[in-house]
Amino acid sequence: SNSGKKEAAESTSASTEESTKAGADKEGDKKIVLGMTLYSLKNEFTVRLANAATAKAEELGVELKIYDGNYDPSTQISQIETMISDGVDGIILNPQDAEALSVGVDKAVAAGIPVVGVNTRVQSDKLTSYVGSQDVYAGELETQFMVDLVGSKFNTVIIEGPLGQSAQIERRQGIQNVIDKNPEIKVLAEKTANWSRSEAMTIMENWLNAFDDIDAVIAENDEMALGAREAIKAKGLDIPVIGVDGITDALNAVESGEMVASIFQDGAGQGSKAVEVLVNAVNGQAVDKEYWIDFEPVTKDNVAEFKLRAQ
Amino acid sequence: MDTIRNVQKKINPKQMLSQYGTLFGLVAIVIIISIMKPRFLAIDNILNLLRQTSINGLLAIGMTYVVLTGGIDLSVGSIVGASGMFAALVAKSDYNLPWYVAVLVGFSVGLLLGTLNGVIVSYLKVPAFIATLGMLSIARGVTYMASDARPVPGLSEGFLKIGGGSIGAIPIPVVLLTIVLVICYISLYKHRYGRYVFATGGNAMAARVSGIKVKKIVCSVYMISGLLAGLAGVILTSRVTSGLAQSGQNYETDAIAAAVIGGNSLAGGRGRLWGTIVGFLIIGVMNNGLDMMAVSSYWQLVIKGSIIIIAVMLDSLNEAKS
Amino acid sequence: MDTIRNVQKKINPKQMLSQYGTLFGLVAIVIIISIMKPRFLAIDNILNLLRQTSINGLLAIGMTYVVLTGGIDLSVGSIVGASGMFAALVAKSDYNLPWYVAVLVGFSVGLLLGTLNGVIVSYLKVPAFIATLGMLSIARGVTYMASDARPVPGLSEGFLKIGGGSIGAIPIPVVLLTIVLVICYISLYKHRYGRYVFATGGNAMAARVSGIKVKKIVCSVYMISGLLAGLAGVILTSRVTSGLAQSGQNYETDAIAAAVIGGNSLAGGRGRLWGTIVGFLIIGVMNNGLDMMAVSSYWQLVIKGSIIIIAVMLDSLNEAKS
Amino acid sequence: MKHIEKSFHSVKVLNDIQFSLKAGTVHALMGENGAGKSTMMKILAGVYKSDGGEIYIDGKKVSIDSPKDSQELGIAMIHQELSSIPQMTVAENIYLGREPGSKLFMSYTEMYKQTAQLLESLHVHINPKVKIGTLKVADQQLIEIAKAISFNANIIIMDEPTSAITDKEVENLFHIIRALKEQGKGIIYISHKMDEIFQIADEITVLRDGAYINSWQAKDIDNSILIKNMVGRELNEVYPKIKVPIGETLLEVKDFSLKNKFENISFDVKKGEILGFAGLVGAGRTEIMNSLFGLTPPDTGEIRMDGKAITIKKPQDAIGYGIAYVTEDRKNEGLILQMGVGQNITLASMKELQKLLIKAKEERKVILEQIKTLRVKVNHPKQLASSLSGGNQQKVVLAKWMMKNPRLLILDEPTRGIDVGAKAEIYKLMCEYVDKGNSIIMISSEMPEVMGMSDRIIVLSNGQFGGELCREEFKQEKIMSCAVSKI
Ligand SMILES: Nc1ncnc2c1ncn2[C@@H]1O[C@H](COP(=O)(O)OP(=O)(O)OP(=O)(O)O)[C@@H](O)[C@H]1O
Ligand SMILES: Nc1ncnc2c1ncn2[C@@H]1O[C@H](COP(=O)(O)OP(=O)(O)OP(=O)(O)O)[C@@H](O)[C@H]1O
Ligand SMILES: [Mg+2]
Ligand SMILES: [Mg+2]
């Protein structure tokens with residue numbers, strides 16, 4: 001449930017010895033306050049990331065305020081401004097857009113607040129650190145997986161994320177990288193389903209009626225892959241579908257063979273690592289520029305392991 | 001004295017065009033798409049199209065009632081989300097409840113939220129735009145809370161039939177839509193309730209003087225809209241086989257568009273149910289047809305926007321003359 | 001005979017409440033937030049809040065004109081996107097063009113799209129809802145095409161000042177908003193034009209009979225709305241330091257909400273500019289305040305929805321009595 | 001104007017009409033409801049474009065494409081349907097489209113000053129800063145008159161300017177018209193009040209069914225010939241009052257008060273009786289009926305029907321007790337304009353016309369019956385109420401209530417804007433109606449009408465009881481003196 005976040009916001013309990021150590025400021029007993037803005041809190045993946053961050057913050061005895069960017073970069077900039085005037089000690093940024101949020105980083109850094117990027121890239125060299133993955137790699141992984149599965153010559157349809165969002169652009173880029181290497185892959189159609197399962201289902205139904213020769217479906221996230229899978233199942237067909245993120249439903253679908261694979265993104269790992277890195281940075285410890293917690297393919301063979309990690 | 005002149009209207013091509021402008025628009029779109037993509041007309045695609053359209057269809061019908069009274073219901077998308085989610089929470093196959101329990105839960109949530117809208121608009125006199133915009137936000141918030149933005153999968157077999165099953169060749173959502181249409185047709189044109197709805201939208205004061213309980217009528221249309229959104233939510237959830245917190249987002253736009261394309265004036269009092277049907281079919285055909293032709297996402301936006309405007313233009317140009 | 005009836009209205013607390021209901025609502029919200037989070041009132045947060053609000057403010061002002069004539073402009077969000085994108089394409093620092101060229105491009109795109117809206121609504125007689133809904137879709141499609149849905153970064157220094165810079169302590173967007181407000185105040189209340197806008201919305205037939213060129217007035221309000229959306233697009237692009245194809249999405253909702261919260265009737269003819277100011281401030285204060293208090297995003301939805309309804313309720317309950 | 005033609009939706013409403021107006025005269029345009037008077041004048045005012053024909057002013061052929069053109073040619077018009085912007089003030093309405101002030105800024109001070117002067121000169125006592133929407137219909141009409149005069153136009157068209165005002169204001173208006181005449185202006189005057197026509201008109205033109213019938217000098221023609229030309233047949237008696245035996249008391253109203261509207265009003269109405277209500281504009285007659293009908297329940301007071309106390313809190317209650325109410329403002333309170341005529345007629349009777357579903361055949365039958373009895377001039381029962389001429393709209397409202405066969409029918413200005421022929425028919429219907437043992441309360445500002453039709457008249461003055469007269473005592477002066485007694 002979401003009570004985790006609330007508790008974190010009001011968290012007063014300093015539980016373990018370690019946390020008191022880490023959470024206490026050098027000069028006094030003032031508690032470290034961190035802010036985190038996510039591009040959205042309305043999908044399972046970011047919620048998982050946020051919850052892991054909250055849990056970690058609790059463990060370290062720091063306060064973490066979470067902001068929902070509502071898929072709007074300027075809202076996220078506003079939230080960074082709000083955090084600055086609120087006087088947070090550090091900011092975790094999960095940007096909607098890589099270019100737009102660089103100005104947010106500039107502002108925070110100018111106010112002397114360290115910023116740690118998480119999960120999606122931001123175009124800035126002022127980040128204290130970046131914890132996450134590269135979406136281009138996810139696109140490459142899933143397309144390569146299809147090539148390995150059905151051969152280098154096939155007809156595919158691509159279901160895209162919201163046009164212009166960094167994750168969409170980069171994952172699409174990754175998909176294209178593999179297609180360029182395998183010129184016999186033919187893209188029959190591509191369209192955005194805005195990360196939505198029901199939109200993807202409708203689009204897939206329409207494509208199934210329009211084309212007889214779809215060999216593979218590449219979706220830029222799991223929600224849309226699952227929607228496409230529903231449409232294919234309803235038509236009594238069996239076309240391999242792949243997505244990205246490794247959300248619970250997708251892991252189950254991989255397990256039951258409904259999806260050929262998903263590309264797992266360790267949101268929980270990224271969330272907690274980001275908090276850890278930022279707390280260290282606030283406390284003046286040295287941190288690396290980048291921590292890679294990258295995408296990993298999930299197949300029927302290794303799905304059990306990921307189901308455990310996704311808890 | 002000749003009181004009634006020309007009792008029977010003569011059929012006159014210009015008047016036909018003005019009366020049925022959007023219908024001709026729909027036919028034209030269908031013809032163009034069929035020529036460019038003959039498979040568009042295949043039976044299974046038509047059924048597919050109808051199944052896809054049924055959700056917007058239900059919302060547009062509910063919206064028609066609201067719009068006829070001069071109101072607007074921006075909350076239908078969120079009600080779809082909320083009712084679908086609560087239905088899903090009950091329909092989980094672990095609970096082993098019969099399918100209709102979940103359906104009833106979905107209906108109740110829709111009706112409850114619709115009633116809230118109705119009370120706020122009619123009795124608390126908040127403009128419909130604001131009341132339902134507030135509800136849009138509130139209902140979505142509640143849906144997220146109920147699910148923590150996580151999908152609720154694993155729904156019972158019986159429940160999944162509603163969105164995915166068929167009776168004969170006809171998908172169940174299409175059957176449901178047809179039943180709803182018949183009931184609504186009767187309520188609007190064969191029962192005095194419909195008169196009262198039209199009268200309320202046309203001139204609330206005159207309706208009141210004529211003994212119509214205007215507030216009750218206004219309240220009731222939001223209840224109908226909510227109930228139909230509840231049904232749509234149940235169908236959608238069943239169709240995507242899991243409760244999704246963000247489902248139904250922005251559905252209000254298509255529903256209102258369908259009603260307005262169909263010739264229902266947002267000022268109230270003027271409209272027609274068959275117009276709404278034409279309206280949601282135009283939207284459905286466009287979405288399906290453009291996908292069938294694999295038109296790029298960018299062009300789809302431009303083409304859809306233009307078609308909507310052009311479809312209505314014919315209608316409006318003629319109407320405005322009178 | 002009794003000479004002049006209803007001479008001067010006496011100031012009466014109940015009437016005050018009804019006239020300034022939402023204003024009291026705003027003050028109440030500010031007080032509550034300040035108590036719970038004293039930092040809310042810090043100068044830098046206030047400036048911050050105003051800067052954030054300025055974009056919605058500009059759109060809401062444009063929307064006020066449209067709404068006063070009984071119309072609606074759903075396309076402002078897409079116009080923000082389009083004008084911002086085209087401005088960005090010109091403002092790239094490689095081109096070495098002065099900042100105002102890009103600004104002019106942004107303005108022109110806004111004005112052009114607004115004019116299209118206006119012509120479609122007033123001369124082609126397409127209902128405003130449909131015309132601007134179509135434009136919402138078309139303008140977004142064009143924006144995607146122009147940029148291939150990719151961000152356009154690397155804008156010139158001068159251009160970036162518009163959204164990010166300050167004059168003294170006052171952020172430039174706030175300065176611009178203030179200037180626009182003054183001009184609009186004059187045009188609505190000190191110049192004939194405003195009378196014609198009100199008259200057109202109040203009773204278009206009567207306005208026409210009085211010799212007012214109703215179509216021109218209707219067309220002009222969409223041009224104003226488009227132009228202000230163009231300005232908002234420029235500011236937004238400058239603020240996020242790059243042209244983003246999806247920017248401005250759904251901004252129309254907040255803009256319409258601000259106008260309606262402010263007491264502008266969607267039926268036209270009745271409204272007030274200061275009401276719109278109160279409207280967009282309520283929305284801005286809510287967004288900023290709830291974030292300051294770090295309220296969870298699900299609760300934010302519920303609270304925002306409720307506040308909007310309650311803020312308007314007071315106003316409406318009283319107004320409806322007259 | 002020569003050979004003017006106009007059609008709406010291929011129905012011809014003006015066919016080869018001619019009309020000429022001399023400077024310094026008042027020319028009355030007469031005809032039944034729907035004859036095409038307003039349509040023709042709207043063509044002159046630039047609201048409609050004619051399909052054919054020519055217009056000459058001072059011998060020069062002109063073309064009028066918009067209201068602005070018409071204004072520039074020195075034409076001003078008082079429209080039959082009130083055409084003010086309710087949310088704007090009196091002054092803003094009067095000067096709409098030609099606000100005083102410099103090019104850049106208009107001047108409110110100037111506007112209010114000019115308005116005050118204008119209203120003063122016309123002896124209209126209304127605050128220029130008040131919103132028009134809050135004024136009563138009568139005051140709104142006075143403003144429209146003032147507005148038309150303020151144009152200082154050479155041709156002033158007055159389309160039923162007196163439909164909502166009382167004798168006192170009418171007299172004032174005639175004063176103004178005579179002054180305008182002396183200044184050499186031409187005035188086109190449309191009215192259904194025959195007595196007015198002979199008081200003020202120099203020439204008279206009659207239209208019937210969209211066709212030109214004839215023109216006369218007013219002194220060459222009398223009432224009965226005029227009426228015969230208008231309705232196309234003889235009309236013997238305008239007020240066909242028949243003696244109906246007065247029965248027991250049907251309804252009793254006691255001590256009705258509503259703050260700022262009326263005080264301590266008591267009256268009763270008996271079976272078979274037509275009870276008239278007279279008074280000056282704003283005397284509170286309408287407000288009392290609104291309260292009686294449950295639209296604005298009174299602060300205090302009781303109602304008895306058949307001797308039993310009843311409570312009426314909303315219109316449905318009143319309708320349930322067999323009370324029907326034809327309101328004075330037919331556009332805002334009477335009709336659903338964008339509904340068909342037929343559906344408007346049956347709107348209040350749907351319960352009776354429905355079993356499980358609406359009995360469509362029966363509904364159609366009663367609609368046709370009502371249209372026939374009241375001689376509503378429509379092309380088709382589905383024709384929109386908005387496209388009817390003013391008089392026919394009024395008949396539709398009457399039909400709506402008549403078909404409910406109420407025991408008590410309240411009529412507020414029932415013949416406003418109705419032509420003589422139709423008036424006579426409505427009076428006849430009223431008589432037949434009370435003959436069946438029902439009762440009528442009729443509010444009217446037309447003296448001849450109240451006196452001609454009522455069995456008893458109650459006069460209100462400034463929200464208070466001003467006097468009660470029985471038929472034998474009816475006299476215009478007496479009513480007037482009661483009407484001003486509480487001012
Ligand atoms: N906008 C319109 N659309 C269709 N028919 C119309 C329209 N306006 C007027 N008519 C028709 O034209 C005819 C003439 O109407 P008009 O209003 O000119 O009559 P009138 O002589 O002024 O009657 P009244 O005395 O009742 O005001 C009527 O039959 C009316 O139904
Ligand atoms: N909409 C309104 N707003 C404010 N005051 C009003 C309004 N309508 C009527 N009044 C006031 O109520 C009082 C009674 O008006 P009412 O309409 O009942 O008079 P009436 O005798 O019916 O006049 P008429 O002959 O014009 O119908 C008047 O003093 C008038 O100023
Ligand atoms: Mg007329
Ligand atoms: Mg009255």
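Just the heavy atoms: all of them, side chains too, but no hydrogens, waters or symmetry mates, feed the values below.
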For the residue pair [X] and [Y], what are the closest heavy atoms and their distance?
{"X": "B/Y189", "Y": "D/I358", "value": "O-CD1, 4.1 Å"}
{"X": "D/L295", "Y": "B/M205", "value": "CD2-CE, 4.2 Å"}
{"X": "B/A206", "Y": "D/L335", "value": "CB-O, 3.6 Å"}
{"X": "B/V209", "Y": "D/F293", "value": "O-CE2, 3.3 Å"}
{"X": "B/F198", "Y": "D/I336", "value": "O-CG2, 4.4 Å"}
{"X": "B/I212", "Y": "D/Q316", "value": "O-OE1, 4.3 Å"}

Q. With respect to chain B, which residue among D/L353, D/I319, D/L337, D/L347 yields the maximal number of heavy-atom pairs within a distance under 4.5 Å?
A. D/L347

(Q) Quick check for you: among D/R330, D/K314, D/K351, which has the greatest number of heavy-atom pairs under 4.5 Å with chain B? (A) D/K351

Measuring heavy-atom distances to chain B, does [X] have an atom under 4.5 Å in its side chain, in its backbone, in both, or in neither?
{"X": "D/E333", "result": "both"}
{"X": "D/L384", "result": "neither"}
{"X": "D/K400", "result": "side chain"}
{"X": "D/T346", "result": "side chain"}
{"X": "D/E363", "result": "side chain"}

Q: Decide whether D/Q354 and B/R192 meet the rule of one side-chain donor and one side-chain acceptor closer than 3.5 Å.
A: yes

Q) Taking atom NZ of D/K359 as the centre, does the number of heavy atoms from other residues, nucleotides or ligands within less than 6.0 Å exceed 12? A) yes

Q: Please check if the side chain of B/N203 supplies one atom and the backbone of D/N332 the other of a donor-acceptor pair under 3.5 Å.
A: yes

Q | Choice from B/S187, B/S210, B/G194 maximising heavy atom contacts with chain D below 4.5 Å | A | B/S210

